[in-house]
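Notes for the one structure printed next.
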Amino acid sequence: MITRCRTPRTTSGIATPVLAVLRCDQRPGDPADANGVHRATVTRWVREVVGLLAARAPRLDRACKKTVLSGGGIALLDGSLIRTRRRTGGENRKNYSGKHRCHGLLVIALTDDRGRLLWGSAARPGRSSEITACRHDRLAAHLRAAGLDAIADLGFVGLDDNGPDADPAVVTGYKAARHRSMTRGQRLSNKALAAVRAAAEHCFAHLKNWCVLGKVRTDPKWATALVRAVLVLTNRDSVSLRVFCR
């Protein structure tokens, strides 16, 4: 279904074609034809609005401090792969994720215990590991500086290696060794952590409800701004985009 806008050349009329592209993943030519503008005009609107929204995305240190000040003591840490088209040449290999067996970009996110997005990382090549991406952003140091703890899955085991005597900033479950199975207490602990982490899984599901993230067909260099813009829109009602464009 193609959404129409009565006044596409006014500032407030920009919101409807942009929402059609972001929410429904419509090709820019579809809302352009429906609103009587050129396809390049809709593309330019999307780029400008995404850039302005991405600038409003919270920084990691500020997001951690804001969470602590609001009374939250625990955050949820998780990563997800944003699928992309297969690239050519050298770009093809670095965007291929062996874990998911597809091409994509890795995004790390922090959420609160209710599943509300707090922060999203830059989009990195799909072959990157979650621990490497977190260490590049110095995530554990920012969490410890703010006095905030994060709960993560087994993919983040070894991220916070400050020593056994220090309080861990990133809490993960237990892994079974090759010749040693987990105890009953460790299995119960993993089950409890998995129940808490369900909110982070729901958060990524809400994030990918914006169909433009179903499969990014544009330049991967633009994906970071796109993810952060969608993060801002996910935390707020879609109507805020209309107010933003006025």
Side-chain angles (χ1 to χ4, degrees), residues 57-65 67-68 72-83 94-102 104-178 180-183 185-208 223-224 227-228 231:
R59 287 173 25 184
L60 177 56
D61 54 347
R62 295 177 181 177
C64 294
K65 292 178 182 177
T67 303
V68 174
I74 295 178
L76 305 178
L77 175 64
D78 203 356
S80 182
L81 190 77
I82 305 297
R83 296 191 63 181
K94 71 177 184 180
N95 285 342
Y96 182 78
S97 171
K99 176 182 177 181
H100 298 88
R101 297 186 179 181
C102 63
L105 300 169
L106 177 65
V107 176
I108 305 295
L110 275 178
T111 68
D112 59 12
D113 54 356
R114 295 174 297 175
R116 181 181 172 86
L117 278 165
L118 303 175
W119 168 80
S121 71
R124 293 188 170 85
R127 70 178 180 184
S128 303
S129 68
E130 294 171 336
I131 290 183
T132 301
C134 291
R135 285 175 176 169
H136 186 274
D137 292 323
R138 300 179 63 248
L139 182 61
H142 284 291
L143 290 172
R144 187 170 284 105
L148 184 66
D149 295 329
I151 297 177
D153 61 11
L154 297 181
F156 295 87
V157 172
L159 172 60
D160 189 14
D161 51 1
N162 252 15
D165 297 332
D167 293 333
V170 179
V171 180
T172 58
Y174 296 93
K175 280 185 177 181
R178 183 175 181 180
R180 177 174 52 85
S181 59
M182 291 187 297
T183 63
Q186 290 174 339
R187 290 195 298 270
L188 291 176
S189 177
N190 285 354
K191 186 176 180 180
L193 290 177
V196 174
R197 287 189 51 260
E201 303 291 345
H202 297 161
C203 166
F204 274 111
H206 289 307
L207 188 68
K208 292 184 179 180
T224 297
V227 171
R228 288 176 175 171
L231 184 149

Legend entry - Test applied, side-chain contact (heavy atoms from CB on, under 4.5 Å); reference residue, N95; option that passes from S128, P125, C102: P125

Legend entry - N190 side chain to Y174 backbone, donor-acceptor under 3.5 Å: yes

Inset, instruction - Could you walk me through whether L76 and E201 pass side-chain contact (heavy atoms from CB on, under 4.5 Å), step by step? - result: CA-CA 10 Å; L76 305 178; E201 303 291 345; over 6 Å; no

Inset, instruction - Working to the nearest 0.5 Å, report the span between CD1 of I151 and CG of D113. - result: 9.0 Å

Legend entry - Euclidean distance, W119 CH2 relative to T111 OG1, rounded to 0.5 Å: 12.0 Å

Inset, instruction - Keeping the roles fixed (side chain from S121, backbone from I108), state whether a donor-acceptor pair exists under 3.5 Å. - result: yes

Legend entry - Neighbour count above 12 (heavy atom, 6.0 Å) for L188 CG: yes

Inset, instruction - Mind listing the closest non-hydrogen atom pair of G155 and I131 along with its distance? - result: O-CG1, 3.5 Å

Legend entry - More than 12 heavy atoms from other groups under 6.0 Å of NZ on K208: yes

Legend entry - Taking every non-hydrogen atom, the tightest pair across A146 and K65: CB-N, 4.2 Å

Inset, instruction - First locate atom OG1 of T132, then atom CZ of R127, and finally report the distance between them rounded to the nearest 0.5 Å. - result: 11.0 Å

Inset, instruction - State whether the side chain of R124 and the backbone N or O of V107 hold a donor-acceptor pair below 3.5 Å, judged by distance alone. - result: no

Legend entry - Under 3.5 Å side-chain donor-acceptor pair for K99 and S129: no

Inset, instruction - Taking all non-hydrogen atoms of both residues into account, name the closest pair between V170 and A152 and its distance. - result: CG1-CB, 4.0 Å

Inset, instruction - Working to the nearest 0.5 Å, report the span between CG of L231 and NE2 of H206. - result: 13.5 Å

Legend entry - Criterion side-chain contact (heavy atoms from CB on, under 4.5 Å) on R197 and D78, from CA distance to verdict: CA-CA 9 Å; R197 287 189 51 260; D78 203 356; 3.3 Å; yes

Legend entry - Residues C64, L60; criterion side-chain contact (heavy atoms from CB on, under 4.5 Å); working and verdict: CA-CA 6 Å; C64 294; L60 177 56; 3.9 Å; yes

Inset, instruction - State, without any angle test, whether H100 and R83 hold a side-chain donor-acceptor pair at a distance under 3.5 Å. - result: no

Legend entry - Side-chain donor or acceptor of T67 paired with backbone N/O of A63 under 3.5 Å: yes

Legend entry - Approximate separation, where rounding is to 0.5 Å, of R228 CZ and L117 CG: 12.5 Å

Legend entry - Closest non-hydrogen atom pair, L110 against A150: CD2-CB, 4.5 Å

Legend entry - Steps toward salt bridge (charged side-chain N to carboxylate O under 4.0 Å, His left out) verdict (R138, D61): CA-CA 10 Å; R138 300 179 63 248; D61 54 347; over 6 Å; no

Inset, instruction - Determine, stepwise, if the pair L139 / L77 fulfils side-chain contact (heavy atoms from CB on, under 4.5 Å). - result: CA-CA 10 Å; L139 182 61; L77 175 64; 3.4 Å; yes

Legend entry - Closest non-hydrogen atom pair between G126 and S97, with its separation: O-CB, 3.5 Å

Legend entry - Nearest heavy atoms of L118 and A75, plus distance in Å: CD1-CB, 4.3 Å

